[in-house]
Amino acid sequence: MSKLPTRPLPNLSEPDTAAFWRATAEHEFRFQQCENCGTVVWHPRRHCTGCVDGSLVWQVSAGQGAIYSFSIVRQSYHPFFRNQVPYVVALVDLDEGPRFLTNVVGIDTPEAVHIGQRVMLAWEDHDDVSMPLVRPLTE
Amino acid sequence: MTAQARDAAIVGIHEFHSRNVDGELSSLQIKAECAARALADAGLSWSDVDAIYDASEGAPMSGLTISEYFGIEPRLVDTTAVGGSSYEFHAAHAREAIRAGKARVALLTYGSTAHSNALAIGVGGRGFGGVTPAENMESFAGQTLVANYAMAARRHMHEYGTTSEQLAEISVATRYHAMRNPAAVEAMEELEFIDIRETTVDDVVNSRMIADPLHLLECCMISDGGGAVVIASAEVARNCKKPPVWIIGAGQAVKYPVIGGDLTSSAAIDSGPVAFAEAGVSPAEIDVAMIYDSFSITVLTILEDLGFCAKGEGGAWVEGGRLRFDQSGGPALNTDGGGLSSNHPGMRGIFLLIEAARQLRGESTAQVAAAKLALAHGNGGMLGSRHSAGTVILAGDRT
Ligand SMILES: [Zn+2]
């Protein structure tokens with residue numbers, strides 16, 4: 001029996017981003033901040049981009065933010081995503097700063113999404129890793 | 001106009017004739033054919049070339065590979081690879097090397113079989129399962145290439161009230177020019193475009209939505225293709241067959257996502273002023289603007305960033321056909337038909353230089369009367385995330 005196409009998952013051994021992805025299994029969205037200069041570093045990496053003698057420590061986001069921009073994808077040639085259209089890709093600004101690319105889920109229609117919309121993390125679980133999707137914020 | 005330094009000029013150009021080689025030619029073969037014809041256009045030969053510029057699309061270790069393949073022994077090799085704007089970077093570097101006396105004849109080539117390879121450049125996928133740290137954070141979300149640009153368009157609409165009808169003006173102007181270019185018409189036929197004709201704003205906004213808010217007719221084609229440009233010193237240029245097209249200014253920049261970054265502007269904000277200052281000219285003086293039209297929003301954003309109009313006012317500014325070659329009040333945009341309607345094998349930057357040179361020689365199929373100044377602006381990578389910008393300003397020999 002042929003396997004159904006699946007969402008492309010991150011490479012869990014990529015050196016700069018492995019720790020981020022490991023933490024997603026615990027539903028933690030981590031980002032880095034420099035102990036020396038305070039710079040919030042995003043995407044994850046080994047060095048501080050704000051100073052040359054920094055030391056980065058992990059912070060955990062509270063998981064809320066706002067949509068900076070988005071698009072409704074209506075055509076894709078990818079074996080998984082071609083069956084998901086229409087779906088929403090969005091850039092989300094977490095309240096702590098990091099802006100990340102994700103999908104908006106938990107919506108009645110894609111057209112309900114708008115810039116500035118408040119969203120919260122909606123984890124999609126896979127083996128050993130979870131995807132940080134977002135859905136409209138509910139109090 | 002102030003007198004610019006005229007040390008290096010485009011002296012030879014060639015654009016590959018076919019947009020669909022049916023898998024029968026390699027990108028290296030396309031590059032070599034274009035190189036030979038561009039050298040012939042200049043009245044030069046392989047043995048005259050002493051500097052090679054290559055963006056590595058044809059082969060690994062391209063500076064070495066391409067030298068052997070062409071059969072030349074360059075004393076200068078530059079393999080700057082920053083995507084579709086690589087050729088604007090190459091032109092700037094070639095000019096600097098020639099000014100410094102390190103080179104006399106520089107050869108830039110490009111070849112691609114994107115169509116034959118069925119690469120999804122314009123409307124489809126790509127980018128999944130990336131290997132860089134940044135890409136490893138993004139690949140799960142299924143962002144298509146067009147969705148990346150669509151997010152820039154959506155934000156532009158949100159901040160400035162830009163409309164789909166205004167963005168459509170970009171597509172309409174380039175198709176208007178394409179229909180006057182037999183090579184572009186042939187390309188659209190080879191790629192089996194439906195209903196090949198001049199388009200209207202309504203045609204564009206009524207075409208199928210690919211990734212909101214971008215429609216099919218706002219997306220570039222996916223073709224095979226290639227080209228070559230020969231850049232030479234003033235001394236060499238004086239003895240070439242065609243009038244020289246002088247490189248009088250250049251600027252380069254990169255931009256990438258940062259916390260709180262602005263998606264409505266591009267790296268052109270940084271590359272443009274450097275190029276204009278060096279050339280000693282202003283945007284209002286530019287007769288022909290060759291701006292990388294991967295998508296409609298790319299051009300609108302870059303027109304603003306280069307200072308043709310103020311940030312946020314591009315939508316209203318492009319209304320009414322201002323960008324057509326036979327209208328005044330703005331530069332003629334992509335007079336070969338652009339990536340939207342003539343030629344887009346993946347990295348279009350070389351065609352921007354080629355058509356700008358045609359205009360300043362008086363050889364375009366949508367010739368701007370007495371064109372004196374042209375701009376070529378390449379955007380490499382993706383507008384909505386990480387990208388490079390190369391601005392080159394060119395002057396005809398008649399000015
Ligand atoms: Zn630091």
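Protein chains get the first letters and strands the later ones, always in sequence-line order, with residue 1 at the start of each.
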Checklist entry - Given a strict heavy-atom distance threshold of 4.5 Å, which part of A:Ala90 is in contact with chain B: side chain, backbone, both, or neither? => result backbone
Next on the checklist: Need one label for A:Pro110: side chain, backbone, both or neither, based on atoms under 4.5 Å from any heavy atom in chain B.
Outcome noted: neither
[atom1] of [X] to [atom2] of [Y]: how many Å apart, nearest 0.5 Å?
| X | Y | atom1 | atom2 | value |
| --- | --- | --- | --- | --- |
| B:Glu138 | A:Leu91 | CD | CG | 8.0 Å |
| A:Gln75 | B:Ile210 | CD | CD1 | 4.0 Å |
| B:Gln143 | A:Phe70 | CD | CZ | 13.5 Å |

[Y] backbone acceptor or donor facing [X] side chain under 3.5 Å:
| X | Y | result |
| --- | --- | --- |
| A:Tyr68 | B:Arg155 | no |
| A:Tyr87 | B:Gly142 | yes |
| A:Arg99 | B:Pro257 | no |
| A:Asn103 | B:Ala141 | yes |
| A:Arg7 | B:Phe140 | yes |

Checklist entry - Relative to chain B, which of A:Thr49, A:Leu133, A:Val89, A:Val40 shows the most heavy atom pairs under 4.5 Å? => result A:Val89
Item to check | side-chain contact (heavy atoms from CB on, under 4.5 Å) between B:Met151 and A:Leu101, worked out | outcome: CA-CA 11 Å; B:Met151 285 201 283; A:Leu101 186 72; 3.5 Å; yes
Next on the checklist: Ignoring hydrogens and geometry beyond distance, is a side-chain donor-acceptor pair present between A:Ser71 and B:Asp212 at under 3.5 Å?
Outcome noted: no
